[in-house]
Amino acid sequence: HAKRAGTATFVVYEASMNDRRAADAALAEALEGALQRDEFTVLYQPIVELATRRVVAVEALLRWHSPLHGDVSPGRFIPVAERSGDIVAIGQWVLEQACRQAVAWRAAGIDLTVTVNVSPRQLQEPSLARDVLGALDRTGLPAINLVVEVTESAMVNEAVEIAALRTIRAAGVRIAIDDFGTGYSSLQYLTRLPVDILKIDRSFVAQLDGTAEGSAIAEAIVRLAQILRLTTVAEGIEEEMQARELINLGSQRGQGFLFSRPVPADRIPELAADVTYTGFQQLSA
Ligand code: C2E
Ligand code: MG
Ligand code: MG
Ligand code: MG
């Protein structure tokens, strides 16, 4: 009986693998030319200074509406675009959009840093540094207003990636490690990598529950950042208690649904202007 159950499980597993492969292939096909057909938009999520809740930066987050598949989340389509190589052109488009948008905000008197996700595949491109600096040139955005976010898993061919990041950083663009603490890399690379910001992964923020155990990882990352003189941005803050704990741990910045979801560009000016909303300031006053 056990053997039959095992076989059945295997058959279901194999069928779902095939389904997954077929679905990926369909998405890959739909992604071809999606950029030219104007199917992408960019949303922006505020990053706040935790102590004041002032919006200091925004993260550019890609959205895809496929006429065939509807709204597809980046968690779903970016890995597919990564495998097909389409992410290189799509990523460059996001970068240019974000820089152009930041220039428009600056012209309206709103001085924000914009952060852009760069995928592992883009980091392998010999043209990456040229493409990033080209986007700044073409849009006129000062390098200090741009942050490039990379993940630990992107560090597959360290020498190549470090060289590209060094060039970008030498021009004044800052580098953030996204989802910090979730990758496979040893901590050693932190001392070799040109880096300015650590983004504390939201899984560690979700563990904050007022206990020493709950805050252990977030606290360790903040301490590490302090020693290396890096800024920390805590991701995925959904509750007041998490924001308060992060302030106590010494994390300067945060991002999450508590402050704002990702929104269209035209919503950002009102959010950036509003420095007085919600309770923490009243508590601390
Ligand atoms: P990420 O770079 O770590 O971005 C943060 C993700 O967390 C976003 O998901 C954001 O909507 C979500 N988030 C923010 N605050 C909260 C919160 O309080 N609670 C919860 N549960 N989630 C929160 P999104 O927009 O679905 O993007 C998912 C991932 O897709 C991103 O993770 C990033 O790795 C990738 N991605 C998005 N846009 C781009 C892009 O333009 N290029 C590349 N290469 N990757 C992108
Ligand atoms: Mg990110
Ligand atoms: Mg992240
Ligand atoms: Mg993530």
Side-chain angles (χ1 to χ4, degrees), residues 27 31 34-35 39-48 50 55 57-65 71-102 113-125 128 131-132 135 146-154 161 174-183 195-208 218 221 231-243 246 251 253-265 267 271:
L27 283 187
L31 274 171
L35 200 52
E39 292 171 10
F40 294 108
T41 49
V42 180
L43 297 185
Y44 297 89
Q45 186 178 33
I47 295 171
V48 305
L50 285 171
V55 178
V58 292
E59 178 172 9
L61 292 163
L62 184 60
R63 294 294 178 263
W64 178 33
H65 180 82
D71 291 322
V72 188
S73 75
R76 182 75 184 90
F77 74 80
I78 282 173
V80 176
E82 180 84 23
R83 259 171 272 141
S84 71
D86 285 327
I87 192 64
V88 175
I90 297 169
Q92 185 63 22
W93 179 82
V94 174
L95 186 64
E96 303 248 3
Q97 286 287 116
C99 290
R100 205 173 307 283
Q101 187 58 63
T113 293
V114 67
T115 80
V116 177
N117 293 284
V118 168
S119 80
R121 178 75 174 251
Q122 286 174 275
L123 263 186
Q124 308 298 311
E125 288 291 307
L128 179 74
D131 292 343
V132 170
L146 180 66
V147 171
V148 163
E149 296 193 5
V150 299
T151 57
E152 293 166 87
S153 56
E161 289 121 14
R174 280 163 297 162
I175 313 290
I177 309 283
D178 205 350
D179 307 336
F180 186 76
T182 61
V195 52
D196 303 281
I197 298 160
L198 299 182
K199 296 194 78 172
I200 303 171
D201 189 71
R202 74 163 187 261
S203 59
F204 307 126
V205 171
Q207 286 168 21
L208 297 171
I221 295 174
T231 303
T232 49
V233 178
E235 299 190 274
I237 302 175
E238 295 182 352
E239 291 162 24
E240 289 291 343
M241 196 210 28
Q242 294 166 342
L246 285 159
S251 179
R253 295 179 176 192
Q255 174 180 4
F257 297 166
L258 176 65
F259 311 112
S260 172
R261 292 192 173 252
V263 295
R267 292 276 320 282
L271 293 172

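FYI, side chains are in, hydrogens and waters are out, and symmetry mates aren't considered; it's all heavy atoms of this structure. In listed order, ligands and their atoms are each counted from 1.
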Kindly identify the option in F257, F40, W64 whose heavy atom sits closest to atom 22 (N) of ligand 1. F257
Which of the listed options, R63, E59, E238, R121, holds the heavy atom that is closest to atom 20 (C) of ligand 1? E238
Of the options L146, T115, V148, T113, which is the one that meets R174 in a side-chain contact (heavy atoms from CB on, under 4.5 Å)? T113
Test of understanding: given a 4.0 Å heavy-atom threshold, classify the contact between [X] and ligand 1 as side chain, backbone, both, or neither.
X	result
Q242	neither
S119	both
Q45	side chain
D179	side chain
V94	side chain
Q255	neither
L62	both
I237	backbone
K199	neither

Less than 4.5 Å apart, any side-chain heavy atom of L31 and any of V80? yes
Mind reading off the angle at the Mg ion (ligand 2) between the OE1 atom of E149 and the OE2 atom of E59, rounded to 10°? 90°
Between D178 atom OD1 and E235 atom OE1, the angle centred on the Mg ion (ligand 3) rounds (to 10°) to 90°
E235: numbered ligand 1 atoms lying under 4.0 Å from its heavy atoms: 3 (O), 5 (C)
Within 4.0 Å of some non-hydrogen atom of D178, the atoms of ligand 1 are 1 (P), 2 (O), 3 (O)
Presence of salt bridge, E59 and K199, under 4.0 angstrom: yes
Which label fits F77 and F40: parallel for a plane angle under 30°, tilted from 30 to 60°, or perpendicular past 60°? tilted
